[in-house]
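Read through the structure below, which is laid out as structure tokens, and then see the notes.
By convention in this document, chain letters (A, B, ...) are assigned in the order of the sequence lines, proteins followed by strands, and residues within each chain are numbered from 1.
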2 protein chains.
Amino acid sequence: MRISQLSQAADLPVGTVKFYLRTGLLHAGRATSATQAIYDESHLERLRLVRALLETGKLSHAEIQRVLAALAAPQAAPDAEPLDTVEMIALATAESADVDASRIDVAAAREVVEQLGWSISEHSPHLPALANALSALQSIGVAPTAERMRVYAEAASHVARNDVATVIDADPAVRALVAAAGTALYDAFFTALRRLAVENQVARQRTRVPGQRATAIPSA
Amino acid sequence: MRISQLSQAADLPVGTVKFYLRTGLLHAGRATSATQAIYDESHLERLRLVRALLETGKLSHAEIQRVLAALAAPQAAPDAEPLDTVEMIALATAESADVDASRIDVAAAREVVEQLGWSISEHSPHLPALANALSALQSIGVAPTAERMRVYAEAASHVARNDVATVIDADPAVRALVAAAGTALYDAFFTALRRLAVENQVARQRTRVPGQRATAIPSA
């Protein structure tokens, strides 16, 4: 299809499609003349992915470049061990932390993951992100208690087990997509569910639904 | 203190402090002359809050205005019922969805919360946010299975119960802050924990730590 048809199919202005071509977010079409090219289903798929990562995942252009690189990498080795593929989740989201790691004291964050007994690399890019969130909460006087920390960690473990299992179970051809793109978009999914869960809790408190009980998640 | 001292204490450029004064994110100081004013601890606290919401909560200026309005409101009625206060969580985060609700078909999202048995208002601002996330996941072919939906909903309920309990248990003087500001910042906290939990899961899979087991969260 021509660029105008591609733009229409992806519901994006032609100017935006051209911008993605210039910045490398979209791969070039097959040139049919000096000024025209033909695009196929792979371009439409890529545009849908970029759009989803941009609008829903709220990723920056640089982060999207990184996700696309992670997606391109495994195709070189389709029979790679599942666990190597799983590492892509970490790779693809490594920079989503979006914090200047060098300026952050990660001691408090390291203490948290130690208390949880989690196996975390000393140089994990997510430690500065956790330290940053902790320090922001502290700065306004709403730092988490040990109990709240535990509840959040249990919930995070619960979804993480499912995330990793989903990647391992996925078809190898789409495993990279599930790992890299899914993680960013599932943040938006979880945030929306969490807001709705609060609304549900408030409604339950107000009507005192019988049978409501405190629940515990077995730690992993 | 003078504006230069306030700026230093908050670790923000004077220009930024002046910008917040102009846009109303920071309340005016006590004027001591036509061109000078004195600021106190309340200004420093406010700057810390705005900075945390902006940098860690990633809220827009408009969203921060809404959080500040929610914080100002309950002071008029300090003895309000706890459950009315809890509604502030929903109020303060109502617009965080950041989606053009009118353009979104919320039928799929409504079906999800119905299947979960959650009490959600037909006009909840979080339904368009969930619908938006679902449609983005669908557009790139990684829509959640029923099982994945269940796991995420369990995790969301687990933190939501804790969030609501934390607000109810909080000192009335800071309850609004815990509800409104805490919710936005705890998103960043959870996202960081979730990334670390994935890293931990991958490490466990690789070393096959004995005793790892599938866990279930009882539904609420």
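Contacts with chain B were tallied for A/A109, A/A131, A/S124; A/S124 has the most, counting heavy-atom pairs under 4.5 Å. Top candidate by heavy-atom pairs under 4.5 Å with chain B, chosen from A/A188, A/A52, A/P144, A/G117, is A/P144. Taking A/L185, A/L49, A/D187, A/V142 one by one and counting their heavy-atom pairs under 4.5 Å with chain B, the maximum is reached by A/D187. Between chain A and the options B/V159, B/T145, B/V112, the largest number of non-hydrogen pairs under 4.5 Å is found for B/V159.
Heavy atoms only, all atoms of each residue included: B/E199 and A/S121 are closest at OE2-N, 2.8 Å. Of all heavy-atom pairs between A/H158 and B/V151, the closest is CD2-O, 3.4 Å. For the residue pair B/A156 and A/A197, the shortest heavy atom distance occurs at O-CB, 3.7 Å. In this structure, B/S119 and A/A203 approach most closely via the heavy-atom pair CB-CB, 3.7 Å.
Neither the backbone nor the side chain of B/A10 comes within less than 4.5 Å of any heavy atom of chain A. Proximity to chain A (any heavy atom under 4.5 Å) is shown, for B/L53, by neither the backbone nor the side chain. For a residue to count as touching a neighbouring chain, one of its non-hydrogen atoms must lie under 4.5 Å from one of that chain's; by this rule B/V113 touches chain A with the side chain only.
Looking at residues two or more places apart in sequence or on another chain, you find a salt bridge (charged side-chain N to carboxylate O under 4.0 Å, His left out) between A/R148 and B/D163. Under the ring-ring contact (aromatic ring centres under 6.0 Å, His included) criterion, A/Y152 pairs with B/Y186, B/F189, sequence neighbours left out.
For B/Q5, the CD atom counts as densely surrounded, since its 6.0 Å shell holds more than 12 non-hydrogen atoms of other residues, nucleotides or ligands.
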Taking it one step at a time, do B/E55 and A/N132 satisfy side-chain contact (heavy atoms from CB on, under 4.5 Å)? CA-CA 9 Å; B/E55 293 179 7; A/N132 195 44; 6.0 Å; no

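Considering CG of B/L193 and CE of A/M149, their distance stands at 8.0 Å, rounded to 0.5 Å. Taking CG of A/N200 as the start and OG of B/S157 as the end, the distance is 6.5 Å to the nearest 0.5 Å.
Among the residues in residues 133-141 of chain B, those with a non-hydrogen atom closer than 4.5 angstrom to a non-hydrogen atom of chain A are B/A133, B/L134, B/A136, B/L137, B/S139, B/I140.
Contact annotation: the side chain of B/R195 never approaches that of A/L130 to less than 4.5 Å [non-hydrogen atoms, C-beta and beyond].
Residue pairs satisfying the salt bridge (charged side-chain N to carboxylate O under 4.0 Å, His left out) criterion with at least one member in residues 115-142 of chain A, sequence neighbours excluded, are absent.
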